Each structure stands twice: as structure tokens, then as C-alpha cells.
*Asks:* 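There's a structure below that I have some questions on.
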Amino acid sequence: MTSRTIMRGLLVGGAFCVSFSLPAAGQVKSTETVEHGTSAHQVTFERGEIVYVSGNDVVVKMEDGSLRDFYNVPDSVTVNVDGQHLNVHQLKPGMKVERQTITTSTPRVVTKVETVTGKVWHVTPPSTVILTLEDGSNQSFKIPNNQKFTINGQETDAFGLKKGMVVSAQRITEVPETVVTQQVKRTGTMPPPPPPPKQDVPVLIVMVAPTPAPAAEEAKAEPAPEKLPKTASTLPLVGALGALFCGLALTVMAIRKFAA
């Protein structure tokens, strides 16, 4: 449907009044109606992974491998992550994000009807007519091709209009247009936890030498027992005394021989 402005029913029969006795009454009335058509919906998805966040700037790696920079993201823009709405300052590298855009296009036709009452000031058949309105201004109207008018019960064309006739004219303007609205939904998931180390990867173990303990105090000497245990025999003492007495006897005998 293309835009078009038409003069429909200008000085139309039934909506057109001619009177030589009525005074010129300039009156302009305007009404507008809107007729909606069937809406069309289009859904697009954009997915990627956040690789950099600084302040209100975010860099996202898209599915095709390209990098997209989002500068100065407003704090009001949030991402739904596990039921929580996170703003740009709460986003983390490694998060998976998705933006769903729903575009709705609704055709409609705006019809504007203008009713003008005035006195014929000049007519140029078959194309135009100039009416004098109530405020004394003159306004020109274009007459559609082959337009017929009813005057005093008789049908005529633009050539039947005369200066001084009071007429009511309608101008109908139809403007088709399309109203486009968008709804954006942003969702995301937190980055996965780091994977555990592989079993075939050697693990470095650092041994820390224990701190030496302070030297233990010397053990206290045990007190001497009150009585010594009987561990020695009297036989060695008896033998020693016998040897001593034998020696004394030999010595005495030697002295007696020397004296004799």
C-alpha cells in the first residue's frame, strides 16, 4: 500500500449543500481514524562470550569468531543470569551471553477527514475551486476528475458551480504507514569452574623442613639408693690377708737366721 492523498467527495452529493439564502459560515472540522492490519513478528538471536570488561565497556566474542565492542553500556541494561538481573559492572569474562530481539511490524492506515464550509469565491472548472471561509480567508481545493455534484436536486459537474454558492466540502486524506517496535531480552550463564588437573601431569610437591625443637632438658640425676646392693664376695679379702701373714712369717724367719 503506497501513500496517497486524495480529494474524495469534494463537494460530494449528499455531503454537499448549496443555498443562496444561507449566510457564509466558514467552519472546519477534522476527524482522524486509525485502522490496524495484521502484525508480523521476527525473532533474531545473537550469542557470544564475554572476553573483556572495563567500566561500562564490554568486548564480546561472537559465535563466528568476530569481536564486538560495546562502548558505554548504560547501567540500566541488565542480563538475566539464573534469575538475577546483572548490570554491566557485574559481568565477568567467560560468561556466555545471548540477546534475543523481537521485531514487530504493524501496518496501519491513518484516515483524516476534513470538512470545510464556505462560499464559492472562484471556480476554475474542472480542476479547482476557491472557497471563502468564515475568517475571510480564501482557500483553494482541487476537484477530482469526473467529480459530480448535486445542486437543488440536480446533478452537475464543476461547471455548475457559481460564485456566491455556500457549499460544504470534504477532504479525505489516507496515509498508510508501518509501526515498528522491538523487544530485547538478554540472558547469560556464569563461566564454568576450572577443570581439575590431568592425571598424567606431574605434580610438584614442596617439602618444608620441620622447625627444630628446643633441646630437651638434661634428665635429672636419680637419687642414690639408701643401701647398696650386696654384689661382692669375702673370699678375695680372706686370700689377701693369708698372703700378708705368710709374707710376715717369712720375713721373721729370715731375720732370725741372719742374727744367728
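These figures come from a predicted structure and were not determined experimentally.
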*Asks:* In sequence, state the C-alpha distance, the side-chain angles, and the governing distance for K119 and M165, and then conclude on side chain to side chain contact (heavy atoms under 4.5 Å, CB included).
*Replies:* CA-CA 6 Å; K119 181 186 291 185; M165 292 182 177; over 6 Å; no

*Asks:* Taking only Lys NZ, Arg NE, NH1 and NH2, and the carboxylate oxygens of Asp or Glu, determine whether E49 and K96 approach each other closer than 4.0 Å.
*Replies:* yes

*Asks:* Taking the side chain as every heavy atom from C-beta outward, state whether V77 and V88 have any atom pair closer than 4.5 Å.
*Replies:* no

*Asks:* Side-chain heavy atoms under 4.5 angstrom apart, residues restricted to Ile, Leu, Val, Met, Phe, Trp, Tyr: same cluster for L91 and V51?
*Replies:* no

*Asks:* Should L67 and V53 be counted in the same cluster of Ile, Leu, Val, Met, Phe, Trp and Tyr side chains packed under 4.5 Å apart?
*Replies:* no

*Asks:* Decide side chain to side chain contact (heavy atoms under 4.5 Å, CB included) for E98 and E46; before the verdict, give the C-alpha distance in whole Å, the side-chain angles of both, and the deciding distance to 0.1 Å.
*Replies:* CA-CA 6 Å; E98 176 184 284; E46 296 175 285; over 6 Å; no

*Asks:* To the closest 0.5 Å, what do you measure between CZ (R47) and CD (E63)?
*Replies:* 5.5 Å

*Asks:* Sub-3.5 Å donor-acceptor pair from the side chain of Q84 to the main-chain atoms of V81, do we have one?
*Replies:* no

*Asks:* Side chains of V58 and I50: does their closest heavy-atom pair fall under 4.5 Å?
*Replies:* yes

*Asks:* Step through the shown structure and confirm whether more than 12 heavy atoms of other residues, nucleotides or ligands are within 6.0 Å of CZ on F45.
*Replies:* yes

*Asks:* So, the side chain of T128 versus the backbone of P125: is there a donor-acceptor pair under 3.5 Å, distance only?
*Replies:* no

*Asks:* Report the distance from atom OH of Y71 to atom OG of S54, rounding to the nearest 0.5 Å.
*Replies:* 11.0 Å

*Asks:* Return the CG to CG distance between N138 and L133, rounded to the nearest 0.5 Å.
*Replies:* 7.5 Å

*Asks:* What pairs with E35 under salt bridge (charged side-chain N to carboxylate O under 4.0 Å, His left out), at least two apart in sequence or on another chain?
*Replies:* none

*Asks:* Can you measure from OG (S137) to CH2 (W121) and round to the nearest 0.5 angstrom?
*Replies:* 12.0 Å

*Asks:* Flag yes if M62 and V97 sit in one hydrophobic cluster, no otherwise; membership is Ile, Leu, Val, Met, Phe, Trp, Tyr, and two members link when side-chain heavy atoms are under 4.5 Å apart.
*Replies:* yes

*Asks:* Contact between M95 and M190 at the side-chain level, heavy atoms closer than 4.5 Å - yes or no?
*Replies:* yes

*Asks:* Could you check whether any side-chain N or O of D57 sits under 3.5 Å from a backbone N or O of N72, counting only pairs where one atom can act as donor and the other as acceptor?
*Replies:* yes

*Asks:* Using side-chain heavy atoms (C-beta onward) and a distance below 4.5 Å, is V129 in contact with V120?
*Replies:* yes

*Asks:* When hydrophobic residues are tied together by side-chain contacts of less than 4.5 Å, even through go-betweens, does Y52 share a cluster with V73?
*Replies:* no

*Asks:* Where do P191 and P93 come nearest, in terms of heavy atoms and distance?
*Replies:* CG-O, 4.1 Å

*Asks:* With rounding to the nearest 0.5 angstrom, report the OG1 to CD1 distance, T124 to I130.
*Replies:* 6.0 Å

*Asks:* Can you pull the side-chain hydrogen bond (donor to acceptor under 3.5 Å, both in side chains) pairs that have at least one residue in residues 182-193, sequence neighbours excluded?
*Replies:* T103-Q182

*Asks:* Side chains of E32 and V110: closer than 4.5 Å at any heavy-atom pair?
*Replies:* yes

*Asks:* Sequence neighbours left out, what passes salt bridge (charged side-chain N to carboxylate O under 4.0 Å, His left out) with K92? Give chain and number order.
*Replies:* none

*Asks:* As a quick check of understanding, evaluate salt bridge (charged side-chain N to carboxylate O under 4.0 Å, His left out) for K112 and E174, giving each step before the final call.
*Replies:* CA-CA 6 Å; K112 186 176 182 180; E174 294 182 350; over 6 Å; no

*Asks:* With a 4.5 Å heavy-atom cut-off, do L86 and T78 have their side chains touching?
*Replies:* no

*Asks:* With a 4.5 Å limit on heavy-atom distance, are the side chains of V34 and H36 in contact?
*Replies:* yes

*Asks:* If you take all heavy atoms of F70 and R99, which pair is closest and at what distance?
*Replies:* CE2-NH1, 4.4 Å

*Asks:* Determine the minimum heavy-atom distance between T178 and S105, stating which atoms define it.
*Replies:* CG2-CB, 4.1 Å

*Asks:* Of the non-hydrogen atoms in H41 and T104, which two are nearest, and what is the gap between them?
*Replies:* ND1-OG1, 3.0 Å

